[in-house]
Structures are given as C-alpha cells and as structure tokens.
Amino acid sequence: MTSPFEYAPAPESRSIVDIKPSYGLFINGEFVDGHGKAFKTISPATEEVLAEVAEADEADVEKAVKAARKAYDKVWGPMPGRERAKYLYRIARIIQERGRELAVLESLDNGKPIKESRDVDIPTVAAHFFYYAGWADKLEYSGFGSTPLGVAGQVIPWNFPLLMLAWKIAPALACGNTVVLKPAETTPLTALLFAEICQQADLPPGVVNIVTGAGDTGRALVSHPDVDKVAFTGSTDVGRAIAKAVAGTDKKVTLELGGKAANIVFDDAPIDQAVEGIVNGIFFNQGHVCCAGSRLLVQESVAEEVLDRLKRRMSTLRVGDPLDKNTDIGAINSAEQLARIRELSDIGEAEGAGRWSPACDLPSNGFWFPPTLFTGVTQAHRIAREEIFGPVLSVLTFRTPSEAVEKANNTPYGLSAGVWTDKGSRILHMANQLRAGVVWANTFNKFDPTSPFGGYKESGYGREGGRHGLEAYLKGGVK
Amino acid sequence: MSRIDVRKTYKLYIGGAFPRSESGHSYVVHDSKGAFVANASLASRKDARDAVIAARKAFGGWSARTAYNRAQILYRVAEVMEDRRPQFVQAVVQSEGLSSAKAERVVDEAIDRLVWYAGWADKITQVVGGANPVAGPFFNISTPEPTGVVAVLAPQQSSLLGLVSVVAPAIVTGNTVVVVSSYERPLPAVTFSEVLATSDVPGGVVTS
C-alpha cells in the first residue's frame, strides 16, 4: 500500500550506549556476582541478546537488605534532608546529561519507540528526581511527618522500566529510606545503568541496591523480615500475592496494579482531538500501560464518525523499529506478553466482537502486534473486562452521561479514565462520578511528578507522585 | 616586576545588562577595615524607574514559565555560585570583615538556601493551595499566584546571605524584583548579579 506517509528510515544511533556482555547485582555501591542462574535480556524488536544478567538468590537479597539497613542506620537515615536533597539533585542532573544514552538503552531493552523514551520516559524520570529532591528538606511541610520507615523493598514492571524506578526510588530516598529494588527480568538494563549513575553521584554505598531476577527474587525481597516497606507496580495477580505475603507483618505496602480505563467521548467533543487522544490512550507504549484507555466509550450519535476517523488515523500509525524516530508503535515486550495479547484478541473474536486492524507489515523477527480495535463489544466480553496490556482497543457505545458512568465504573479496576467534551461542568461532574484515581479531561496519559497517581479497587492502593506520594514512605503516613 | 591587577568596575544590573548610573554618580565603598575598595555606581531615581520598567517587562514571561523550569533555573544559580565559591568567600570577608571560616559558612548557607527555595517552586501550590470543599454546587480552588514586581530592600549587614534570602523566595514563585542592595556593602550583590546573568535567569527578573 502506498501512502503519503512513507518516510525513509531515520534510525537513532545506538553507538551512544555501551552495553556490557554481562551485568552483576548492585549491592553496597558495587557490582557483585549473583548466585542464582544468570539470564539473558533480549531486544524484543529483534530477539538479539543484549546482555547476560545475574540472578539474585535469597542469599544475595539478604546481602542487599543488610547493606540497605546499614546505610539506613549509619548514613542515610541520620543525614540532614538538605544534604540528601543534594544527592538527588545530582542524580537528576546526571540523568539529564545522559538522557539520550538512557533513552536508546530503554528502547533497545523494552521495545518502545525512541520518540517516547526520549521525549517522555527519560525527561519525566529526571523531573521526578528533581521534584523529590526538593522535598527532602521540606518534609515537615508534607503533612505526613518527617520520619522515614527504614528499608524499602521495591519491585517494578517492564513497561516503563526507568520511570517506574524513579517513581519508587526518588520519594523513598527523599524521605530518608534506603532501597533494594528489583527491576523486571525482561528490562533490567536501565536500572543497572542507573546504578552506575548512583556511583557517579557518589551516593553512599547501600542507599540504593539493585537486585535482578524474576519472581523468586521478588518473593525473597518482599518477604524478607528486615524490609519495612514494600512497594510494587505490576499485575493485580502478583499484587494480591504480595498483599497475602505481607499480611500479618508490620510492613507498609503500596500497590499500583492493573487497569481497564474508560475513555469517554461525548458528542460535543472536538472529534479530531478526541481521536488523537484515543490513539495516544491505547497505542502509547504499545498499550503496555496500566492506565491505558483500553475501553473506548463513545456516545452513539457520533460513534460512526469517531470510528471512521479513528480507523483512518490508525492506518497512518507506523509499527516497527523502536530506534526509528518515525516509529509510533514499537515491539511487544516479550513472547509471553505477545501470546497473552493474541489469546485475548482471539477470545474477543470468538465471543463475537468485530476485529479490525489496518493493513500493516510487521517485521519478521521479534514480537509484534498490529494496532487493533474491536467493535460491538459488550460489558460481558472478556476483552471489556480483562486487562490486555497491548495495543488493543475495545469500543462500546452509550447514550446518556449516566450510562457512560455506569459502564465506565463497571469494572474491577479503577486506575484512570478519560473524558472528552466541550463542557467544563460535564468534565467536573464526570470526574466526580468516575471511580478512578486519575481522570484526564480532553487529554490522556499525561504524567507529571507533581501529580499523584494511583488506583481504586483492584488497581491497588497508595499514591505515587506529588506531595501525596510522600505518605507511602513516612511514618506519619499510611499505617 | 610584580603584576598590576585588573580591577572590576561595580555597576548596576538592569534588564540583563550592567549599566552605570544614568546620573553619573558613584560612591566610595570601603572594606570592613575602612580601606578603599571601589567606586560603586549610585543609582538615581531614574535608574530605579528604569529598573521597575525592566522588571515589569520580564514579569509576564517569567511568571508564565512552568514551576519546574523556574526550579531548575534557581538550582542552576546555586550550581554557578558553588562554582564561584572562593570569590564569594573573599567578597564576604572583604565587605563584612568575617574570618574566612565564618565567611565560608555564610556562603555555603547562601548556596544551600538557593537550593532550598529552588525546591519550593513546584511545591508551594500543593502546600498552601488546594480544593475548597464549598457547601454548594460549585467548584472552588485556591492557588497562590505571584504578585508582580517586588521592591526588595536588602539587609544592610548581611550583604550576601541576607540578599539571597530575600531575593530567592520572590523570584522562585514567579515575581520579578528590583533590589536595593546594602549601601555600605554592595559588592557581593554585584557579584551575585553576575551569577544571575549567567544562570539562564532572564534579564529583568532581578534588577539592582
């Protein structure tokens, strides 16, 4: 198919980043060998092996927690907030300085388009550290006291590897805690580069420890008796298991889990902007976004027009090489995730929804899924209820605002929602009625360090970002 | 033969430039022991008006910057000041007559205070503003806003730390300022304005 949107490839050079053949664990300020079974991390776009990464076993986790405890007792806990702040500012500055390198590495390891890692992920990471650096010496103004919890065990997902690291580490450190963080097994590389950044910033040893591995490593970390605080972002199933594992202990827990956000388009919305917002809502980061607008609720009177324009817009999306600056949709992060997306999409078709994707060539190597939408979806369909975590949009319609609220809230999740309308009063009314932690109006997927983020119901508890995000890491905060 | 040093001319700082007073007036500045140091520009009423005009002109752009951007710029001021720490220590010793050790503490405190205020840029709104739970079907929020051009009469004794302490909170929240620096001890203020001029602070945000 020839299209006026055929561009020549515009690849970002990967020479800016130097990937080592193998990586150890980062414990007490040094890279050390792990004692588990080392694993390989690949580029999901090509299946090329990028590096071999150590796996932390229980003894390694023990060492990391010990290092964190010692750093907490001797150095980081007693350090005045204004000095802690300076370390965090240093980290923020180094992230800015090495931004392009981090962006390329993130796109290689995760599969996301470089324009997203370069323009969204990494700048937001730096901003997050910069923002929480400023809190370190102002905790008495937070409303949550200024006493840290101790050692935080943090487990993060693969969809925004470095950004989720920032969401976890920046507030924890600002409040005076030390951390042991486990990145996802498919995307450990930027966390390990972050460890190097901690070294460049002369961060005292043990304040940040990075242990790589899969579920077993994570389990060892969250159930370690000397961990005071568990923070997790990921699937609701794993979140539930973590909540069970820490039940009956005095560990504080925050969980940021799945979502099935409704993106609600009213008939008075500016349709073109709404279509852009729908595309951004579900195809940003291949739909690997817990707050993705995966359910489109469109008012019946404009449904046909919105769908026509949406399909036309989807036909111009460019799927392919994550390092190409023109790419809109990159690779699915793993074979496992691709299988899950395929399975749920097939179920959608089998349950009677109408499946549509634009004609688009997918690379032969790597993990790919075309942007897809389903029409004629009902509330009972699994594709309307379960989180697909991929570039798959379920389209439903509604007639009245109260029907939209009813349908939007009819989900076990409650992380985010979107409202598209010209009427300010309707925005406020809908935001009030929707049981979602974040409601975007006439925009979608906007993130800022000052803005708290988190869910209702099975989307988890606790907030990350903003003044509210401090609560999870202070004794005066969440009990 | 020993080298003859090149002495600096201490001038005003208005709209990003360093002019002399339009009046042509200057006055003698002494160090803490009463020895001659420099002839500093003595600003006239007309200079003050020019400064206010420059500050007013800069207000729209400066207050419209994001809080994040203002925070980064203020932090940059701290970075550049740290870089020129020995110069500030010397200036404080000269004008306030402190020991080197004390002057170092004063300069460190001034730098740390800039960092402290830098962090307030994007936090003040959540701490002092918020949604007001009014008892009716209307929506009500409070948010702090910059007031505009602020005239700052800097402390007479504390020539650097005092100056930084009154300028930083005003500009980090989006105001622009016209500063009258310490009369007897104006030189650290001039050096501080050189830092502002090279730290991405737009011209006119601070005039003195």
Side-chain angles (χ1 to χ4, degrees), chain A residues 80-97 123-144 170-171 174 423-432 439 441 446-452 463 465-471, chain B residues 65-83 85 105 107-144 161 164-165 168-169 171-174 199-200:
Chain A
R82 67 199 257 179
E83 308 303 333
R84 287 203 307 269
K86 288 179 197 165
Y87 283 110
L88 290 169
Y89 279 121
R90 279 188 196 171
I91 290 171
R93 285 302 207 209
I94 299 173
I95 289 167
Q96 289 177 323
E97 286 155 14
T124 315
V125 168
H128 215 80
F129 274 100
F130 202 89
Y131 176 76
Y132 277 108
W135 270 119
D137 52 6
K138 301 176 184 65
L139 295 175
E140 61 268 37
Y141 296 90
S142 71
F144 307 117
K423 262 178 110 171
S425 59
R426 182 177 281 157
I427 289 172
L428 294 171
H429 175 74
M430 292 297 289
N432 234 328
V439 179
K446 288 276 177 277
F447 304 99
D448 192 282
T450 66
S451 176
R463 292 291 178 267
R467 182 181 67 80
H468 315 74
L470 297 165
E471 186 183 13
Chain B
R65 301 266 184 132
T66 63
Y68 176 45
N69 186 246
R70 283 199 304 271
Q72 292 202 84
I73 289 175
L74 222 70
Y75 183 74
R76 176 74 181 157
V77 174
E79 284 181 341
V80 176
M81 226 175 134
E82 176 96 32
D83 194 44
R85 190 168 168 276
R105 280 203 293 279
V107 173
D108 289 348
E109 192 59 42
I111 296 168
D112 286 3
R113 197 156 295 179
L114 277 163
V115 173
W116 150 267
Y117 277 116
W120 271 118
D122 50 11
K123 299 179 183 64
I124 186 84
T125 309
Q126 279 182 347
V127 170
V128 305
N132 307 315
V134 287
F138 55 103
F139 180 68
N140 189 269
I141 58 165
S142 298
T143 177
L161 180 56
V164 165
S165 306
I171 62 174
V172 78
T173 44
S199 304
D200 302 333

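What's counted below: heavy atoms across the whole structure, side chains too, no hydrogens, waters or symmetry copies. None of these values were measured; they are calculated from a predicted model.
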Say whether, by atom type as modelled, one donor and one acceptor occur between the side chain of B:Lys123 and the main chain of A:Ser142 under 3.5 angstrom. no
dist A:Arg467:CZ -> B:Thr125:OG1 (nearest 0.5 Å) comes out at 12.0 Å
May I ask you to name which of B:Tyr117, B:Phe139, B:Trp120 has the most heavy-atom pairs under 4.5 Å with chain A? B:Trp120
B:Gln72 side, atom CD; A:Gln96 side, atom CD - distance, nearest 0.5 Å: 4.5 Å
Between A:Arg82 and chain B, with a heavy-atom cut-off of 4.5 Å, which part of the residue counts as in contact: side chain, backbone, both or neither? side chain
Please classify the contact between A:Ala127 and chain B as side chain, backbone, both or neither, with a heavy-atom cut-off of under 4.5 Å. both
In terms of heavy-atom proximity below 4.5 Å to chain A, should B:Arg113 be classed as side chain, backbone, both, or neither? neither
Are any side-chain N or O atoms of A:Lys86 and backbone N or O atoms of B:Asp112, one a donor and one an acceptor, separated by less than 3.5 Å? no
For B:Tyr68 and A:Pro123, the nearest pair of non-hydrogen atoms, with its separation, is OH-O, 4.4 Å
Here the pair of heavy atoms bringing A:Pro452 nearest to B:Gln126 is CD-NE2, 4.3 Å
Closest heavy-atom pair, B:Ala118 versus A:Tyr89, reported as atoms and distance to 0.1 Å, is C-OH, 4.4 Å
To check you understand the geometry: which heavy-atom pair defines the closest contact between B:Tyr75 and A:Arg93, and what is its length? CD2-NH2, 3.4 Å
Search all heavy atoms of B:Asp122 against all heavy atoms of A:Thr450 and return the closest pair with its distance. O-CG2, 3.8 Å
